[in-house]
Chemist: 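Got a structure for you, written out below as structure tokens; questions coming shortly.
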Amino acid sequence: MTATTARSDAAARVSDTPLIPRDHLFGNPTRAQGKISPDGRWVSWMAPWEGVMNVFMASADDPDNARRMTSATDRPIPSYSWAPDSQSLLYVRDKEGDENYLLYQIGIAEGADERCLTPFEETRAQIIGSSNIIKDRLLVGINNRDARFHDVYMLDLGNGELELVFENNEWAGFEADDSLNLRWAVRQNAEGGTDMHLMADGKVEEAPRERTGLDDALTTGMAGYTTDGKTLYWLDSRGRNTAALFAENTETGERRLIAERDKADIGGTLRHKQTGEVQAWSATYLRTEHHAIDPEIGKSLDWLRDRLEGDFGVQSRTDDDRRWLVANDPLTAPVAAYLFDRDAMTLTKFYTGQPELEGAPLQPMYPREIKARDGLTLPSYLTLPPQSDSDGEGIPQAPVPMVLVVHGGPWARDAYGYNRTHQWLANRGYAVLSVNFRGSTGFGKDFINAGNLEWSGKMHDDLLDAVDWAVAEGITEKDKIAIMGGSYGGYATLVGLAFTPETFACGVDIVGPSNLETLLETIPPYWEPLVKQFHERMGDPTTDEGLEFLKSISPLYKAREITKPLLIGQGANDPRVKQAESDQIVQAMERDSVPVTYVLFPDEGHGFHRPENNIAFNAIAENFLAECIGGRAEPMGDVLDASTAEIRTGKEHIGL
């Protein structure tokens, strides 16, 4: 079958379904990141201004009377929060994707000026501690003295003054209590695990009180103190597989098990707003489950569960805990936010994030357990094209083209819920499969550690086994499968095309490393305190054997084996996966006359955060996929003109 025939055949399957415009899926939401102030007087959210996401606020009693608080005009503000005293809003910004995030503040008073609280160059600021009782101060980490280490400062939110608390020359992180005292200093040990040292009066004890080896490093750590400092919570996998929630009596050292799950790590908690005690917890295997400890919290969660379809989460709470801001994900409708009054037991719609998607043909997501060849269970998620699955059982009437979308990290995970990439590709006529391959987080330490030194080995075998499963189930056909992903997912795409060149019909690599040796040579300096983890889990370039191993699993050295179409997207300012990672494999492919299309964004970093750029790349990607495996695509139009995309090579492979 020719590419043109495949395209028309796949497109015909969904021809009666409206094409969801790219800008509805990937453009700015109408509102996002809703929050309620700690004192309950205000509500806030992100919304576009001049095409860029900024922070807005309003009275909680008059939420329609909005006031814009920030004035970003180049890049969207990625996140913000209320100051503990409710007198200002805090947010972070970087420059053109360099991830040197500085901390900014804007007071809620009319006419207040925005100010940078960490006004330094080549600096990345982070919040280390906040308090329920000291509301006008924060502990912040700043790495302007030595880019590898964050010194700890006390920040006065009233006057913006910074007071040095601890000069840091070796520690990867800290834990503070509610009185903003540093109680622990944390660093990596020779095994790649974690050493945790007690602190008092700014001094660090010489010997660690707690430690882990490599196996528990990603699943064990402190989870905060109660307000009185008498209880320290832990998420701990030592002596077990999944991370359980424990409460430690800080006077006696006695620990009490609060919650555990056999298939998933304990994830989030709800804490009492005054005491800091855990009132509820959650865990996510295939879907998130919420469990209440406090009966009144349990009643509220049950009440919400009865009234909201799909999944929900508590995003923000007032200090008196009488009002919550709740996010609801119905999956096949746009995400919405509600204000929940726990006294009146009323739920009021605050906003719909993307109202243009109301009534759009959004598709359900099917959680699936896929068996790997060695028996490991891979929690996965499948979305099918519209009109392909009339009985709703998650198997199409006839096989359809498929895109395997691989998550980044790799120490991260895919989860159930609205996923714009899944919805976009399903609407174009593809089955979409996302697999939590070994090395993914959230499923216990054994699952993570099964991925050690397996970047192009068993981790890739898991993806191949998922592809075989999809073919055996009648979801797709062997010659109609694309692989796509960002960061580690981009690396997996390159591995798929270079190491198993007959498996995939094409690939889309977004900011993926091609050479693990050069990737490790150029990590950001503030990652250096954790570099042993990379060496133990990926390969150690400081030994001859380790260096040869890293080369052997790097797609760059197998570039000439690539025979199928490849599309690469890269941000020029990426601090994690440098532009050179894409440049060098493109150069190798061109040297060997292997077709490749390379798109560079000069104002982006690790991923494409300006909507104009994201939409432009996805326009290129969907037209590329349509030519490779069939499916439909929205016309390109003038989306490239609105972006900063530079197509460095391969225009002819995408019809430009």
Side-chain angles (χ1 to χ4, degrees), residues 1-15 17 361-373 377-407 414 419 421-437 460-485 489 492-493 495-497 499-509 563-567 621-633:
M1 181 181 291
T2 67
T4 301
T5 305
R7 178 173 183 165
S8 60
D9 179 62
R13 300 173 193 266
V14 293
S15 59
T17 300
L362 302 178
Q363 300 303 300
M365 175 181 279
Y366 298 98
R368 291 290 183 261
E369 292 182 314
I370 298 173
K371 285 291 184 182
R373 64 191 66 180
T377 300
L378 310 174
S380 304
Y381 301 95
L382 174 69
T383 304
L384 295 175
Q387 303 185 60
S388 67
D389 176 24
S390 59
D391 58 13
E393 293 185 355
I395 301 292
Q397 278 76 43
V400 297
M402 187 179 85
V403 182
L404 179 70
V405 178
V406 186
H407 71 67
D414 285 308
N419 183 305
T421 298
H422 272 238
Q423 295 294 348
W424 164 53
L425 294 172
N427 182 259
R428 274 32 176 183
Y430 308 113
V432 192
L433 181 62
S434 291
V435 181
N436 284 304
F437 47 86
H460 187 58
D461 288 345
D462 290 345
L463 301 178
L464 300 180
D465 293 344
V467 165
D468 290 343
W469 170 87
V471 171
E473 291 288 314
I475 292 165
T476 190
E477 296 173 299
K478 282 189 174 182
D479 61 346
K480 299 287 184 62
I481 303 168
I483 182 169
M484 175 179 182
T493 296
V495 168
L497 267 59
F499 285 68
T500 53
E502 299 306 314
T503 300
F504 300 101
C506 62
V508 180
D509 155 33
T563 60
K564 303 297 175 60
L566 174 62
L567 169 64
E622 71 175 44
N623 280 275
F624 171 82
L625 290 169
E627 288 295 329
C628 293
I629 58 172
R632 55 185 188 167

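Below, each value reflects all heavy atoms present in this structure, side chains not excepted, and no hydrogens, waters or symmetry copies.
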Chemist: Does Arg632 reach the main-chain N or O of Val14 with its side chain, forming a donor-acceptor pair under 3.5 Å?
Modeler: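 Checking the backbone N and O of Val14 against the side chain of Arg632, a donor-acceptor pair under 3.5 Å is found.
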Chemist: Closest heavy-atom contact between Ile629 and Ala505?
Modeler: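 For Ile629 versus Ala505, the nearest heavy atoms are CG2-CB, 3.5 Å.
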Chemist: Could you check Gln387 against Thr17 for side chain to side chain contact (heavy atoms under 4.5 Å, CB included), going step by step and ending with a plain yes or no?
Modeler: CA-CA 8 Å; Gln387 303 185 60; Thr17 300; 2.7 Å; yes
Chemist: Working to the nearest 0.5 angstrom, can you tell me the gap between Thr563 OG1 and Leu497 CG?
Modeler: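 Thr563 OG1 to Leu497 CG: 7.5 Å, rounded to 0.5 Å.
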Chemist: Hey, what do you get for NE2 (His460) to CZ (Phe437), rounding to the nearest 0.5 Å?
Modeler: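 Answer rounded to 0.5 Å: 11.5 Å.
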Chemist: When you compare the side chain of Leu384 with that of Ile475, does any pair of heavy atoms fall below 4.5 Å?
Modeler: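 Answer yes - side chains close enough.
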Chemist: Roughly how far apart are Gln423 CD and Leu362 CG, rounded to 0.5 Å?
Modeler: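 Rounded to the nearest 0.5 Å, the CD-CG separation comes out at 4.5 Å.
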Chemist: Hey, does Leu567 have a side-chain heavy atom less than 4.5 Å from the side chain of Met484?
Modeler: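 Contact flag for Met484/Leu567 side chains = no.
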Chemist: Can you check whether Thr383's main-chain N or O pairs, donor with acceptor, with Tyr430's side chain at less than 3.5 Å?
Modeler: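 Pair absent, no side-chain N/O of Tyr430 close to backbone of Thr383.
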Chemist: Of the non-hydrogen atoms in Ala626 and Gly631, which two are nearest, and what is the gap between them?
Modeler: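 Reported closest heavy-atom pair: CB-O, 3.7 Å.
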Chemist: What's the spacing between Met365 CE and Leu382 CG if we round to 0.5 Å?
Modeler: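 Spacing of CE (Met365) from CG (Leu382) equals 9.0 Å.
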Chemist: Please, which pairs that meet salt bridge (Lys or Arg N to Asp or Glu O under 4.0 Å) have at least one residue in residues 465-478, sequence neighbours excluded?
Modeler: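 Of all non-adjacent pairs touching residues 465-478, those that pass salt bridge (Lys or Arg N to Asp or Glu O under 4.0 Å) are Arg373-Asp465, Glu477-Lys480.
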Chemist: Going from SG on Cys506 to CG on Leu566, what distance comes out if it is rounded to the nearest 0.5 angstrom?
Modeler: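 Output value for this atom pair is 9.0 Å.
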Chemist: Grab the two heavy atoms, one from Asn623 and one from Ala633, that are nearest each other, plus how far apart they are.
Modeler: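 Closest pair (atom of Asn623, atom of Ala633, distance): OD1-CB, 3.6 Å.
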Chemist: Please report the closest heavy-atom contact between Phe624 and Gly507, naming both atoms and the distance.
Modeler: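 Result for this residue pair: CE2-O, 3.5 Å.
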Chemist: Under the criterion side chain to side chain contact (heavy atoms under 4.5 Å, CB included), I'd like the reasoning laid out for Val467 against Phe504: C-alpha separation, chi angles, the key distance, then a yes or no.
Modeler: CA-CA 9 Å; Val467 165; Phe504 300 101; 3.9 Å; yes
Chemist: May I ask you to decide if Thr493's main-chain N or O and Asp509's side chain share a donor-acceptor pair within less than 3.5 Å?
Modeler: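 Side chain of Asp509 to backbone of Thr493, a donor-acceptor pair under 3.5 Å: no, none is there.
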Chemist: If only atom types and distance count, is the side chain of Gln363 paired as donor or acceptor with the main-chain N or O of Pro361 below 3.5 Å?
Modeler: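 Judged by distance alone, yes, a pair lies under 3.5 Å.
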Chemist: Assess whether side chain to side chain contact (heavy atoms under 4.5 Å, CB included) is satisfied between Val471 and Ile481, documenting all intermediate values.
Modeler: CA-CA 10 Å; Val471 171; Ile481 303 168; 4.0 Å; yes
Chemist: Can you name the nearest heavy-atom pair linking His422 to Ser434, along with the distance?
Modeler: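 Closest heavy-atom pair between His422 and Ser434: NE2-OG, 2.8 Å.
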Chemist: Please report, to 0.1 Å, the donor-acceptor pairs under 3.5 Å made by any side chain of residues 397-407, with sequence neighbours excluded.
Modeler:
{"unit_1": "Gln397", "atom_1": "OE1", "unit_2": "Asp389", "atom_2": "N", "d": "3.3"}
{"unit_1": "Gln397", "atom_1": "OE1", "unit_2": "Ser390", "atom_2": "N", "d": "3.3"}
{"unit_1": "Gln397", "atom_1": "NE2", "unit_2": "Ser390", "atom_2": "OG", "d": "2.8"}
{"unit_1": "His407", "atom_1": "NE2", "unit_2": "Ser440", "atom_2": "OG", "d": "2.8"}

Chemist: Write down the atom of Trp469, the atom of Ile370, and the distance for their closest heavy-atom approach.
Modeler: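 Taking every non-hydrogen atom into account, CE3-CD1, 3.6 Å.
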Chemist: Between Leu463, Leu464, Asp461, which is the residue that forms a side chain to side chain contact (heavy atoms under 4.5 Å, CB included) with Thr500?
Modeler: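 That would be Leu464; it is the only one of Leu463, Leu464, Asp461 passing the side chain to side chain contact (heavy atoms under 4.5 Å, CB included) with Thr500.
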